[in-house]
Amino acid sequence: MRLFVSEGAPGSLPVLAAAGRAQGRAELLVSTVGPEECVVPFLTRPKIPVLQLDSGNYLFSTSAICRYFFLLSGWEQDDLTNQWLEWEATELQRS
C-alpha cells in the first residue's frame, strides 16, 4: 500500500495517526507530495490524503482511510470513534 500525504493538508494528520495503529499489519510506503499533485488519475482535482491499495484501488476520504487502518489494526470501532470521524469530515474538512 502507498499513502500519499502533504504538509499542511488537514486530513494528513488523522490518517498518519490511524496508520500508526496498523503499523506492522501491512507493508506501507508513505510518500509526501505537493498539495497540487494529482495522485488519483480519475479525479479532476488534486485530493490528499490518498491511500493506494495493493489492488490498485484508491481511498481518498480521510474517514475511509482511517476506518481502513482501524480494520487492519483489529481495533474495534465504536459509536464514539465514528462520531469523531464524522465530525472531522464535516467540520474540519469543509470545502
Side-chain angles (χ1 to χ4, degrees):
M1 291 185 295
R2 188 169 179 190
L3 178 62
F4 297 92
V5 294
S6 179
E7 282 188 31
S12 294
L13 184 59
V15 163
L16 288 169
R21 290 197 64 86
Q23 191 173 15
R25 304 287 176 125
E27 189 174 324
L28 178 66
L29 173 65
V30 178
S31 299
T32 303
V33 297
E36 297 302 315
E37 190 170 334
C38 194
V39 175
V40 183
F42 53 83
L43 292 180
T44 56
R45 292 184 357 203
K47 178 75 172 132
I48 299 293
V50 171
L51 179 64
Q52 183 179 17
L53 303 174
D54 292 335
S55 65
N57 292 329
Y58 294 91
L59 297 177
F60 46 87
S61 157
T62 300
S63 294
I65 296 169
C66 287
R67 284 184 174 101
Y68 184 82
F69 283 133
F70 293 158
L71 285 171
L72 275 181
S73 71
W75 187 37
E76 191 165 325
Q77 298 176 57
D78 57 11
D79 292 336
L80 187 58
T81 302
N82 288 325
Q83 179 181 355
W84 278 108
L85 286 172
E86 281 304 310
W87 177 83
E88 187 271 340
T90 58
E91 297 298 321
L92 294 181
Q93 299 291 329
R94 287 186 178 175
S95 299

- Query: Just wondering, do E37 and P46 contact through their side chains at under 4.5 Å, heavy atoms?
  - Reply: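 No, their side chains stay 4.5 Å or more apart.
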- Message: Within the structure provided, determine whether Q52 and F4 are in side-chain contact (heavy-atom separation under 4.5 Å).
- Response: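 Contact flag for Q52/F4 side chains = yes.
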- Give a yes or no answer on whether the side chain of S12 reaches the backbone of S6 with a donor-acceptor pair at less than 3.5 Å.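 Looks like yes, one N/O pair under 3.5 Å.
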- Reported CG-to-CZ distance for the pair L16 and F69, which is rounded to 0.5 angstrom: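 Going from the CG atom of L16 to the CZ atom of F69 covers 8.5 Å.
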Nearest non-hydrogen partners of [X] and [Y], listed with the distance:
{"X": "M1", "Y": "L72", "answer": "CE-CD1, 3.7 Å"}
{"X": "P49", "Y": "I65", "answer": "O-CD1, 3.7 Å"}
{"X": "G11", "Y": "P14", "answer": "O-CD, 3.4 Å"}

- Message: Going by side-chain contact (heavy atoms from CB on, under 4.5 Å), name the residues that satisfy it together with S55, two or more places apart in sequence or in a different chain.
- Response: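 If we apply the side-chain contact (heavy atoms from CB on, under 4.5 Å) test to S55, skipping adjacent residues, the hits are L53, N57.
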- Task: Not counting sequence neighbours, which residues clear side-chain contact (heavy atoms from CB on, under 4.5 Å) with L43? List them please.
- Result: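 Partners of L43 by the side-chain contact (heavy atoms from CB on, under 4.5 Å) criterion, ordered by chain and then number, come out as V40, K47, F60.
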- Task: From the options T62, L59, I48, select the one residue that forms a side chain to side chain contact (heavy atoms under 4.5 Å, CB included) with V15.
- Result: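 For V15, the side chain to side chain contact (heavy atoms under 4.5 Å, CB included) check succeeds only for T62.
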- Task: Keeping to residues at least two apart or across chains, list the salt bridge (Lys or Arg N to Asp or Glu O under 4.0 Å) pairs with something in residues 57-74.
- Result: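 Qualifying pairs, neighbours excluded: R67-E86.
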- Can you name the residues that form a ring-ring contact (aromatic ring centres under 6.0 Å, His included) with F70, not counting sequence neighbours?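 Applying ring-ring contact (aromatic ring centres under 6.0 Å, His included) to F70 gives W75.
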- Go through the steps for L51 and Y68 under the test side-chain contact (heavy atoms from CB on, under 4.5 Å), then give the verdict. CA-CA 10 Å; L51 179 64; Y68 184 82; 3.6 Å; yes
Counting only pairs under 3.5 Å, give me each side-chain donor-acceptor contact of residues 22-35, with atom names and distances, residues two or more places apart or in other chains.
{"from": "R25", "atom 1": "NH1", "to": "S73", "atom 2": "O", "distance (Å)": "3.4"}
{"from": "R25", "atom 1": "NH2", "to": "S73", "atom 2": "O", "distance (Å)": "3.3"}
{"from": "S31", "atom 1": "OG", "to": "R2", "atom 2": "NE", "distance (Å)": "2.8"}
{"from": "S31", "atom 1": "OG", "to": "R2", "atom 2": "NH2", "distance (Å)": "3.1"}

